[in-house]
Amino acid sequence: MSTMAIDKAGPRRNVKYGSMSRDRTWALRWSYFFLVLFAIFFLTPPLYMVITSLKSSAEISAATNPWWVFHPTLSNYVELLTSNQFLRFFWNSSIVSLVVVFVTMLISIPAAFALARMKFWGSATLATGVFLTYLVPDSLLFIPLFKMFALVQDLTGITLLNRWYVLLFIYPTLTVPFCTWIMIGYFASIPKELDEAAIIDGASWLQTLTRIFIPVALPGLIAATIFAFTVSWAQFLYPLVFTTSIDQLVLPVGITTTLIKGDVFNWGQIMTGALLGAAPPLIIYAFLMDYYIAGLTAGATKG
């Protein structure tokens, strides 16, 4: 009886295993199919930008095949990279982004540590409120922010509007809430035994943060840094509203305002400028993508 039972059970197990194998194969095929569609959908615009940037204005105006370059040229790249105006835009964006990243981390790290580890009355509600602040759209904030800075300028006499450094005060309103939320989740995922052991050994909260939590939470810090840099580098609405002079513009606004004159679009240089502007975030993501995903995952599941 036992032999017969084994013989009968054997084919059933083989059929089940074969069915699972076939399901896994089809799932893998569908995954590759949708990945290919995803890649085509999202890589088509950058590919078109590269092709257009290698065309002269005459070839673009000729309305020939838009997906082929008949006479490739690097003139668009040479003109932009040798333009003092474009380099000024690039310099303004770099300074603003780096300073905003520094200010954001300076505020977000202690705030996240306090909300995640130094439990006090209302800390959970305050943490949620910090994240909800980030969800308020820019289109609702730029008008009251503009009125506030105009009032400060009138009262103090300090010129803020139409100066690139006004962005140093505005961008943290976007970066600090979300970066704090990311690091709250990451700090909360660290075992409590670490800070308890440090406190027993006589370490202060500041020493616990700098010597234990920051080294352990490095992926989360990198994720927050990348986010702050990306938002600062790519922001368009705020610099469009708060800066108007050519020498005060940052890269996203500078490209659109100087390369579009009336109804004339210099598509070759516009695409070239967009590609050059996308290079710094792309390089950062290429080298630090694993840390970014790890930090976002921790921030999404803890807190």
Side-chain angles (χ1 to χ4, degrees), residues 25-94 96-97 137-139 223 226-241 243 246 249-293 296:
T25 301
W26 277 106
L28 187 62
R29 290 175 181 175
W30 280 111
S31 299
Y32 279 115
F33 173 75
F34 285 110
L35 283 174
V36 170
L37 288 182
F38 178 86
I40 293 174
F41 182 78
F42 283 97
L43 292 179
T44 297
L47 177 61
Y48 181 78
M49 292 167 63
V50 172
I51 293 174
T52 306
S53 69
L54 297 175
K55 293 182 179 181
S56 62
S57 298
E59 185 173 347
I60 295 174
S61 302
T64 54
N65 187 355
W67 296 100
W68 188 256
V69 184
F70 295 95
H71 304 287
T73 178
L74 295 176
S75 60
N76 293 321
Y77 291 89
V78 173
E79 290 181 19
L80 284 185
L81 292 176
T82 56
S83 169
N84 293 329
Q85 194 175 80
F86 179 81
L87 296 178
R88 181 66 182 179
F89 299 155
F90 206 94
W91 173 257
N92 289 345
S93 289
S94 301
V96 169
S97 299
D138 306 348
S139 55
I226 294 174
F227 173 82
F229 179 83
T230 304
V231 170
S232 305
W233 186 268
Q235 177 61 221
F236 181 80
L237 178 60
Y238 284 158
L240 180 66
V241 173
T243 55
I246 296 298
L249 299 180
V250 292
L251 195 59
V253 178
I255 291 174
T256 56
T257 56
T258 59
L259 299 180
I260 300 176
K261 300 176 180 178
D263 59 348
V264 178
F265 292 74
N266 191 343
W267 285 117
Q269 291 190 11
I270 291 174
M271 297 299 179
T272 303
L275 287 172
L276 293 175
L282 183 62
I283 294 173
I284 293 174
Y285 276 100
F287 286 100
L288 301 175
M289 177 58 72
D290 292 339
Y291 292 103
Y292 184 69
I293 294 175
L296 287 182

Flag side-chain contact, heavy atom, 4.5 Å: Phe90 against Pro280: yes
Side chain to side chain contact (heavy atoms under 4.5 Å, CB included) partners of Glu79, counting only residues at least two apart: Ser75, Gln269
Between OG1 on residue Thr44 and OH on residue Tyr48, distance to nearest 0.5 Å: 12.0 Å
Closest contact, heavy atoms only, Ala228 versus Ser232: O-OG, 2.8 Å
Gln235 vs Asp138 side-chain heavy atoms within contact, under 4.5 Å: yes
Main-chain N/O of Ser61 paired to Lys55 side chain as donor or acceptor, under 3.5 Å: no
Side-chain touch Thr243/Val250, heavy atoms, less than 4.5 angstrom: no
Side chain to side chain contact (heavy atoms under 4.5 Å, CB included) partners for Val78, two or more places apart: Thr82
Pairing residues for Phe33 by the side chain to side chain contact (heavy atoms under 4.5 Å, CB included) criterion, not counting sequence neighbours: Trp30, Leu37
Close side-chain approach of Asn76 to Trp267, heavy-atom, < 4.5 Å: no
Aromatic ring pairing Phe70/Trp68, orientation class (parallel under 30°, perpendicular over 60°, tilted between): perpendicular
Distance (rounded to the nearest 0.5 Å) between Ile246 CD1 and Thr258 OG1: 6.0 Å
Residues in side-chain hydrogen bond (donor to acceptor under 3.5 Å, both in side chains) contact with Ser53, at least two apart in sequence or another chain: Tyr77
For Thr230, all residues meeting side-chain hydrogen bond (donor to acceptor under 3.5 Å, both in side chains), sequence neighbours excluded: Tyr285
Value rounded to 0.5 Å, distance of CZ in Phe89 from CG in Leu276: 13.5 Å
Check: Thr256 side chain, Val253 main-chain N or O, donor-acceptor pair, under 3.5 Å: yes
Least distance between heavy atoms, Pro281 atom then Trp233 atom: CG-CD1, 3.7 Å
Under 3.5 Å donor-acceptor, Ser93 side chain and Leu251 backbone: yes
Over all atoms of both residues, closest heavy-atom pair of Val69 and Leu54: CG1-O, 3.7 Å
Rounded distance [0.5 Å steps], CG in Asn266 versus CD1 in Ile255: 11.5 Å
Atom CH2 of Trp26 with >12 non-hydrogen neighbours under 6.0 angstrom: no
Value rounded to 0.5 Å, distance of CG in Leu259 from CG in Leu80: 6.5 Å
Main-chain N/O of Leu249 paired with Asn92 side-chain donor or acceptor, under 3.5 Å: yes
All side chain to side chain contact (heavy atoms under 4.5 Å, CB included) counterparts of Ser56, not counting sequence neighbours: Ala58, Glu59, Thr73
